[in-house]
There are 2 protein chains.
Amino acid sequence: MATTHDRQLVEQWRSIQNSYFRTAGAIDRALEAKFDIGLNEFEILDLVAESEESACRMKALGERTPMTQSAVSKVVDRLEKAGLVSRQTCVDDRRSLFLELTEAGRALHSTAAVEHRALLKENLG
Amino acid sequence: MATTHDRQLVEQWRSIQNSYFRTAGAIDRALEAKFDIGLNEFEILDLVAESEESACRMKALGERTPMTQSAVSKVVDRLEKAGLVSRQTCVDDRRSLFLELTEAGRALHSTAAVEHRALLKENLG
DNA sequence: TGTCATTGAATGACGCGTCATATAGATTGA
DNA sequence: TCAATCTATATGACGCGTCATTCAATGACA
């Protein structure tokens, strides 16, 4: 039976979806237009920028994002191809990699982050 | 400069993302497993079920969902192929279509909706 | 009525995320 | 030390959503 509580749940969910898509879409389009980088790429860049100094990042990245391990790997591929990030082999465990921002990556991140925060502020209230 | 307000915004955004993906993922997997239908398919089905009686739906659907017009069209393709929905031509405006649940569609919707609401409740609190 | 712009929907090319797998390196324990 | 197992990442096939475009029907206006 369709209770009014059900209706409320559905409405709440739709409103979450709408604001999620509105916000993600706005940020994605803005970053794409101004920096030629997608939202997921920026978010990985952001995580890497945040964690300068801790090691063997690919693994850690996977734990800090809802993306799949394989998605992270492909995002990093693109970032690397764009020259924003570089994979460094990790001496203690040669299966692992850790990531570094290149100069270009650091530069792009710092200006893109301003835009990103501004759009979050605008969209999240 | 990275203010602490910025940090809060970013944290808030990540938490929204996480709960969005957690919830959407859980529902999607459950519907897929039990009813062989994805979340977007269910949501269109749900919208159609809701609006029995109003006409020329394709258009209206696009306004009630963050999906693209073309995404809606493809979701409806799949629903139609699965025999859950049928496209009816609209006499007043022959460019438009409106949608109807088939018997199978109505049946599936009513049991899947129970599951859907339960998962929303569980995930949204 | 004939043209031109607009609208509802479908389609194809394309990019991205996911799942299942592959590969190489690490770990355990006999 | 050698299997067996596990762990970190990469890769390929695949499905889906998006964008740009197309097509048909409509509307507007001379």
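Numbers restart at 1 for each chain; the letters A, B, ... are given by sequence-line order, proteins then strands. Keep in mind that what you see is a predicted model, and the values were worked out from it rather than measured.
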Integer-rounded Å distance: dG15(C) C1' and Glu41(A) CD = 10 Å
query = Of the non-hydrogen atoms in Thr102(B) and Val85(B), which two are nearest, and what is the gap between them?
reply = CG2-N, 3.7 Å
key: dA10(C) phosphate, OP1 or OP2, under 4.0 Å from Arg87(B) side-chain N/O   = yes
ask   = Is it the case that Gln88(B) and Ser86(B) place a side-chain donor and acceptor less than 3.5 Å from each other?
value = yes
request  = Using whole Å, report how far CE of Met67(A) lies from C1' of dC19(C).
outcome  = 17 Å
query = Whole Å only: how far is the CG atom of Asp77(A) from the C1' atom of dG15(C)?
reply = 14 Å
key: Gap between atoms CZ and P, on Phe98(A) and dT9(D) respectively (whole Å)   = 12 Å
ask   = What is the ring orientation for Phe21(B) with Tyr20(A), classed by angle as parallel under 30°, tilted 30 to 60°, or perpendicular over 60°?
value = perpendicular
message = Within residues 13-30 of chain A, which residues have any heavy atom lying less than 4.0 Å from an atom of DNA chain C?
response = none
ask   = Is a donor-acceptor pair below 3.5 Å formed from side chain Arg95(B) to base dT7(C), judging by atom type as modelled?
value = yes
message = Go nucleotide by nucleotide along DNA chain C from the 5' end; which of Ala71(A) and Val91(A) gets its closest nucleotide reached first?
response = Ala71(A)
inquiry  = If you assign each of Val75(A) and Asp93(A) to its closest nucleotide in DNA chain C, which residue comes earlier from the 5' end?
reply    = Val75(A)
ask   = What is the nucleic acid contact for Ser70(B), judged by heavy atoms within less than 4.0 Å: base, sugar-phosphate only, or nothing?
value = base
ask   = Between atom CG in Asp92(A) and atom C1' in dA24(C), what is the gap in whole Å?
value = 17 Å
ask   = Is the distance from OP1 or OP2 of dA10(D) to the nearest side-chain N or O of Ser73(A) less than 4.0 Å?
value = yes
message = dC16(D), OP1 or OP2 - any side-chain N/O from Asn40(B) closer than 4.0 Å?
response = no
key: Nearest-angstrom distance from the residue atom CZ of Arg94(A) to C1' of dT27(C)   = 14 Å
query = Is Glu103(B) salt-bridged to Arg106(B), going by a charged N under 4.0 Å from an acidic O?
reply = yes
task = Starting from the C-alpha separation in whole Å, work towards a yes-or-no answer on salt bridge (charged side-chain N to carboxylate O under 4.0 Å, His left out) for Glu50(B) and Arg7(A).
result = CA-CA 11 Å; Glu50(B) 251 172 35; Arg7(A) 282 262 108 258; 2.8 Å; yes
key: Nearest-Å distance for atom pair CE/C1', residues Met58(B) and dT7(C)   = 14 Å
query = Is a salt bridge present between Asp46(B) and Arg64(B), judged by a nitrogen-to-oxygen distance below 4.0 Å?
reply = no
Integer-rounded Å distance: dC16(C) P and Ile37(A) CD1 = 12 Å
query = Quick one: the side chain of Gln69(A) and the base of dA8(D), do they pair up donor-acceptor inside 3.5 Å?
reply = no
Presence of donor-acceptor pair under 3.5 Å, side chain of Lys74(A) and base of dG15(C) = no
query = Do Trp13(A) and Gln8(A) meet the criterion of a side-chain donor-acceptor pair at a distance under 3.5 Å?
reply = no
